[in-house]
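Just so you know, these numbers use all the heavy atoms, side chains as well, and skip hydrogens, waters and symmetry mates. If you read the sequence from its start, that first residue is 1, and numbering goes on from there.
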Amino acid sequence: MWKMTTTLLKFRIPWLFRTYAIELSGVAVGIAAVGIAAFYFFYRRRKPKDIQCCLNPERFQEFKLVRKTQVSHNVGRFRFALPTPTSVFGLPVGQHIICRGEDYQGEEVTRPYTPITLDSDAGFFELVVKMYPKGRMSHHFREMREGDTLAVKGPRGRLKYKPGQARAFGMLAGGTGITPMFQLARGILENPKDKTNVHLIFANVTRDDILLKKELDGFACKFPDRFKVYYVLSQPPEAWIGGVGHISKEMIKSHCPAPANDIQILRCGPPGMNKAMADHLMALGYTPQMQFEF
């Protein structure tokens with residue numbers, strides 16, 4: 001009897017140890033899995049909070065100019081650094097900022113500007129600025145050198161864009177009025193969940209005055225079914241195939257979506273142009289609800 005019991009114990013003890021080890025191993029794997037899942041959950045929950053948004057709507061903050069590029073004789077492209085390479089500006093699509101500087105008499109001046117960058121551009125933001133000979137804020141930008149700082153606050157603006165809020169946008173832009181249109185178009189086209197179509201009519205004096213043409217043509221090439229651009233020049237070169245003169249009712253009718261409850265026509269340009277565009281749109285049947293002026 002004792003021999004039989006001893007034999008049974010010899011057989012069962014190793015088996016018990018193996019079973020216990022397997023169970024411990026399973027528990028360890030389970031604990032590890034729970035730990036990884038918990039880490040992933042809390043990391044994902046915390047990640048948005050870790051993103052540093054730089055804008056303050058009430059207080060001006062200084063941003064260093066790190067690159068100044070002369071685009072044409074009176075247009076510059078300015079890149080400003082954010083505090084860290086992973087910082088985001090914190091400007092919603094459709095909104096603008098207020099910039100503060102000094103005019104040629106040393107007096108403080110503020111002006112609204114729309115960056116051409118999005119929050120997907122971490123670490124910096126960019127402005128395209130036309131510098132007028134007697135412009136007060138133009139003087140500040142013209143005198144800026146790399147290493148100088150610009151005081152900025154925001155966001156500001158009446159347009160609070162939400163993806164899909166319109167089936168299509170018609171955009172009527174003149175000169176530097178392209179910057180809010182560009183920002184919105186880029187935000188729409190680079191969002192894979194946004195299926196909104198964009199139709200832009202962009203008016204300028206000469207071909208050299210067309211801001212961001214390379215980028216706009218890139219949109220038309222990359223998104224041929226969703227982005228259309230039609231250039232209009234009042235002083236066109238020979239063999240010009242775009243529009244000539246000023247934006248007309250016929251151009252709007254041909255190149256913008258027809259009046260409907262699910263479309264919107266945006267306009268941004270000099271005051272005279274904005275008034276003329278409003279008259280054209282009303283004559284074509286676009287209600288006030290279908291229009292927006294930056």
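Counting all heavy atoms, side chain and backbone alike, Val66 lies closest to Ala81 at CG1-CB, 3.6 Å. When all heavy atoms are compared, the tightest approach of Tyr161 to Ile188 is OH-CG1, 3.5 Å.
Looking at Thr196 and Asp194, their side chains do bring a donor and an acceptor atom within 3.5 Å of each other.
Between Phe141 and Tyr113, the distance from one ring center to the other falls under 6.0 angstrom.
For Arg167, the CZ atom counts as densely surrounded, since its 6.0 Å shell holds more than 12 non-hydrogen atoms of other residues, nucleotides or ligands. In Lys64, the NZ atom is not crowded: 12 or fewer heavy atoms of neighbouring residues, nucleotides or ligands sit closer than 6.0 Å.
A 4.5 Å side-chain heavy-atom check between Phe169 and Met181 finds every atom pair outside the cut-off.
A continuous path of ILVMFWY side-chain contacts below 4.5 Å connects Leu55 to Leu150, so both sit in one hydrophobic cluster.
Judged as a side-chain hydrogen bond (donor to acceptor under 3.5 Å, both in side chains), the pairs with a partner in residues 128-148 (not counting sequence neighbours) are, in order, Asp103-Arg136.
Here the side chain of Lys214 pairs no donor or acceptor atom with the backbone of Leu211 at under 3.5 angstrom. Although no hydrogens or angles enter the test, the distance criterion places a donor-acceptor pair under 3.5 Å between the side chain of Arg156 and the main chain of Pro57.
Ion pair Glu215/Arg77 flagged as a salt bridge, since at least one NZ, NE, NH1 or NH2 atom sits closer than 4.0 Å to an Asp/Glu carboxylate oxygen.
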